[in-house]
Structure formats: structure tokens, C-alpha cells
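Structure record follows, encoded as C-alpha cells.
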Amino acid sequence: MVVPAIGATFRTPHLPTGLTKPKLRRFMEKVVIMGSGCAGLTAALYTARANLQPLVLTGLQPGGLLTTTTIVENYPGFPEGIDGFQLMGQMQKQAERFGARVKFATVEAVDLARRPLVLTVDGEPVETETLIIASGASHRHIGLASEHKLENKGVTYCATCDGALPMFRNQPLVVVGGGDSACEEAMYLTRFGSVVNLVHRRDTLRASKIMAERALANPKIQPVWDSVVTEVLDVEQDKVTGVRLKNVKTTAEKVIDCAGVFVAIGHLPNTQLFKGVIEMDEAGYIIPKRGTATNVPGVFVAGDCADRVYRQAVTAAGLGCAAAMDAERYLAARNE
Ligand SMILES: Cc1cc2nc3c(=O)[nH]c(=O)nc-3n(C[C@H](O)[C@H](O)[C@H](O)COP(=O)(O)OP(=O)(O)OC[C@H]3O[C@@H](n4cnc5c(N)ncnc54)[C@H](O)[C@@H]3O)c2cc1C
């Protein structure tokens, strides 16, 4: 059930006289925000302060991706860094203080051809004048149990976020992947690690020529060809000490010692619901038309689900602010 907001727009049904079966009256939201990460909660803060009483639907990960990390050192305003979970809790409180309603619920389907827009949220219809999509992008996992157990204990999915942490300094590191992101992460990590092993399952990099050449020319990067990670070591010690690799051609196994495993095998934007309706690129990242507006009037986008380049907390928050302002202006123009 969607809890109606105090002051939310009320959509009055036009019942013909004599109708015996009463129709359900439904509230129409002004702004629904799909996602409660940095983008969604910043959009909530701005639209709440504009008195629009936004409804934030958290999805299965309230607070978004940042809740999975212990220390965030590059979000401005926290000179000592801040726990990701705590940061997101504070963002939510800040938005709620101005009237945002945060609900643990998932958008399951959308009908964006109708006016108002209609969302199916945990089986219930929700009508809204505007929608801000802030559903993020999930990182691809290798899929190993040991990888999962050692996440945040040396296994990470973001070199820009975690590379500078003390645990990785002057230590051997492993990057898994062979695309542009893997090359970029490997080059970035050469600033911190003693050596960076770039583990790729083929014998050439999939990255663009210029990125591949740059990475391979770096003396601190050692390619490990034709290899896949079969185990991250050492679950018993509860920290990363190395990786077990298998050569896909010879099936020979070997262990490389390392303090960190940076998995860079791609992201999957959480935009499948909008396929065929909202314009997106071949990887599923939404392509905004003007500012944060999508090709569907009243639908805006913010954060990692529309950003294949930066994918940072602060950029997601910035785009959340922009989407809120765009939605607010859209509503103001309609009500003039
Ligand atoms: C381990 C780790 C550490 C990181 N560390 C840093 C760091 O130190 N600094 C930094 O700047 N960045 C860091 N990042 C990146 C940062 O977390 C992301 O850039 C940021 O979270 C993106 O915010 P977002 O709001 O776009 O998406 P997300 O945070 O991914 O949030 C997406 C939201 O959408 C919701 N959702 C998805 N589908 C639905 C649906 N169908 N219905 C309703 N809701 C839905 C999810 O539940 C979630 O709440 C890190 C990422 C990871 C994984």
C-alpha cells in the first residue's frame, strides 16, 4: 500500500450519477523517485524543499550501493571520511526532514504512455505526474563464493573509491578484466600498489587500442593472459592474500599473492523496466535528452543508471539535484 502524503494531490474520480460500484479514489503523486542511493535521496531533498512531498521507493537496497562500503573518503565535507551506511542514513534523514516519504518498495512495471504516469509498485498502482529514475548500476561479479565473502576485505569493484586505502599501499594488487575500465583501474592503481597484475581470460585486451597500449606500456602493470580467477584467498584469514588462477588454455593452476582484487568486468544499469520506452545505449545506460529529461515528458534520470563514465557518489548526488530541479520546472510550467 502506498501511504498518501499530507497535502499530496488528490485525483477526484468523475463518477457518473447512479453508478453503484464505487471506484477506488487514488492519490496522484507529484514526484516519485525510483531509487534511494545518492542520486535518489538528493533528488528527494531538493524536491522536498520545493514542497513537492516526493515519494522515494527504495528498491531492494535502501541507501543504494554506498551502504556496502565501510569508508568513503572522497565525499566532500567529511575530512576523516565517513561510513557509507551512515552517510546514506544521514541523506535520508535530511530529505525526510523536509517532507520526503521513503518507502521500502520496488517498481515492478511502468506505463509511461499514460497521463498521469502509472507505476506498479509491489503489485499496487501508483500514479504520478513526474518520475525520477535513480536506479543505479550493479557491478558484475565474478560469481565466486570466496569473492562474495571477502567483499570489502580486499575485494572491491571501484579503484577510484578504494585504491588509496592504506590496506592497498605498496602491496601487489590484481585487476580482473580486459576492457577500458580494467585498463583504467589498473593504471590508476599503479599509484598505490607495488605491482598490478591484470588478469584477463583472453590473450589480448578488449580495451580500445590507445588504452591497451598505455596499460601494457606501464612497467608496474603485468598482464596475466588466458587466465580466470577460480578462488580468492584467503577466506579463513578473513582478508585477501592472493588469487588462485586457472589458465583456460592449459588448465594449469597457479596462485598470485596480492592484498587487493579489483573486479572490473563491467556494470549492468538497472534500467531493464524501461527498455523500448526510454532511450538508452546498447549497454542499458539511459540517454537524457536535455539536462536530465528523457525522451518521455515528465520522466527524468539521475545517477549511475545514466552515467557510464564517472559513477561516483558525488556525481550521482549532483545529477539527483539536477533531476529534481528539472522535474520542479516541468511541474511549474504545466501548472502555469
Ligand atoms: C563497494 C563500493 C564502494 C564505493 N565507494 C565509493 C566511494 O568511496 N566514493 C564514491 O564516490 N563512490 C563510491 N562508490 C560508487 C557509488 O556507490 C555510486 O556511484 C553511487 O552509489 C551511485 O548512486 P546512485 O544513486 O546512482 O545508485 P545506487 O547507489 O546504486 O542506488 C540505486 C538505488 O536504486 C534502487 N532500485 C533499483 N531498482 C529499483 C526498482 N526497480 N525499484 C525501486 N528502486 C530500485 C536500489 O535499491 C538503490 O536504492 C562505491 C561503490 C561500491 C560498490
Side-chain angles (χ1 to χ4, degrees), residues 2 32-45 55-78 81-89 91-92 95 102-110 119-124 126 131-141 147-148 150-165 185 260-264 267-275 284-286 292 300-324:
V2 173
V32 170
I33 299 169
M34 174 180 162
S36 55
C38 304
L41 290 177
T42 307
L45 171 64
L55 174 65
V56 182
L57 304 170
T58 65
L60 295 178
Q61 192 169 46
L65 270 187
L66 219 54
T67 57
T68 63
T69 189
T70 44
I71 184 82
V72 182
E73 292 187 322
N74 54 7
Y75 198 84
F78 301 94
I82 181 165
D83 177 271
F85 193 82
Q86 195 189 345
L87 175 62
M88 297 317 297
M91 276 195 205
Q92 180 175 332
V102 180
K103 186 175 159 59
F104 181 70
T106 298
V107 180
E108 296 164 334
V110 291
L119 316 176
T120 306
V121 178
D122 288 351
E124 296 282 333
V126 173
L131 169 67
I132 296 177
I133 306 168
S135 50
S138 310
H139 43 252
R140 287 184 202 273
H141 295 238
E147 170 198 13
H148 178 59
L150 294 173
E151 195 168 332
N152 287 327
K153 294 169 182 168
V155 173
T156 154
Y157 299 85
C158 177
T160 317
C161 314
D162 297 332
L165 294 178
E185 304 247 311
V261 179
F262 291 78
V263 181
H267 288 80
L268 196 62
N270 303 317
T271 56
Q272 295 86 336
L273 284 183
F274 303 100
K275 218 170 172 185
Y285 288 94
I286 291 177
T292 64
F300 304 85
V301 66
D304 284 10
C305 61
D307 174 9
R308 66 183 306 159
V309 182
Y310 304 108
R311 288 192 296 251
Q312 290 295 290
V314 70
T315 48
L319 287 164
C321 156

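Indexing begins at 1, ligand by ligand and atom by atom, following the structure's order. Everything quoted here is computed from the prediction, not taken from an experiment. Numbering starts at 1 and runs along the sequence shown.
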Expected output: side-chain Thr271 to main-chain Tyr285 donor-acceptor under 3.5 Å: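 Judged by distance alone, no pair lies under 3.5 Å.
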Exam field: side chain Glu185 to backbone Ala159, donor-acceptor pair closer than 3.5 Å: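 Yes.
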Can you tell me the protein heavy atom closest to [atom] and the distance?
atom	answer
atom 5 (N) of ligand 1	Cys161 CB, 3.1 Å
atom 37 (C) of ligand 1	Ser135 O, 3.5 Å
atom 18 (C) of ligand 1	Asp304 OD2, 3.3 Å
atom 23 (O) of ligand 1	Ala316 CB, 3.5 Å
atom 16 (C) of ligand 1	Leu66 CD1, 3.8 Å
atom 42 (N) of ligand 1	Val107 N, 2.9 Å
atom 3 (C) of ligand 1	Thr69 CB, 3.5 Å
atom 1 (C) of ligand 1	Thr68 OG1, 3.7 Å

Test item: [X] and [Y] side chains (from C-beta on) under 4.5 Å apart, heavy atoms:
X	Y	result
Pro269	Ile286	no
Val102	Thr58	yes
Tyr157	Arg311	no
Leu131	Phe300	no
Cys38	Met91	yes
Ile82	Ile71	no
Thr106	Val121	no

Numbered atoms and elements of ligand 1 in range of [X], under 4.0 angstrom, heavy atoms:
X	result
Ala134	32 (C), 33 (C), 34 (O)
Leu60	47 (O)
Ala313	10 (C), 11 (O), 12 (N), 19 (O)
Gly35	33 (C), 34 (O), 35 (C), 44 (N)
Gln61	46 (C), 47 (O), 48 (C), 49 (O)
Leu57	43 (C), 44 (N)
Gly303	26 (O)
Thr58	35 (C), 44 (N), 46 (C), 47 (O), 48 (C), 49 (O)

Check the surroundings of atom [atom1] in [X]: do more than 12 heavy atoms from other residues, nucleotides or ligands lie under 6.0 Å from it?
X	atom1	result
Tyr310	OH	no
His141	NE2	yes
Phe85	CZ	no

[X] N/O to ligand 1 N/O under 3.5 Å:
X	result
Met34	no
Leu65	yes
Arg311	yes
Gly59	yes
His139	no
Glu73	no
Gln312	yes
Asn152	no
Cys38	yes
Leu273	no

Distance-only side-chain donor-acceptor flag, Thr156 / Asp162, under 3.5 Å: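 Looking only at side-chain atoms, Asp162 and Thr156 do form a donor-acceptor pair, the distance falling under 3.5 Å.
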Donor + acceptor pair across side chains of Asn270, Ser138 (<3.5 Å):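 The answer is yes; a qualifying pair exists.
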Shortest heavy-atom approach to atom 31 (O) of ligand 1 - which of Ser138, Ala164, Ala306, Gly64: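 Ranked by closest heavy atom to atom 31 (O) of ligand 1, first place is Gly64.
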Audit row: Val301, Ile132, side-chain contact (heavy atoms from CB on, under 4.5 Å) steps and yes/no: CA-CA 5 Å; Val301 66; Ile132 296 177; over 6 Å; no
Disulfide (SG to SG under 2.5 Å) involving Cys161 - partner list, sequence neighbours excluded: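 Checked Cys161 against disulfide (SG to SG under 2.5 Å); matches are Cys158.
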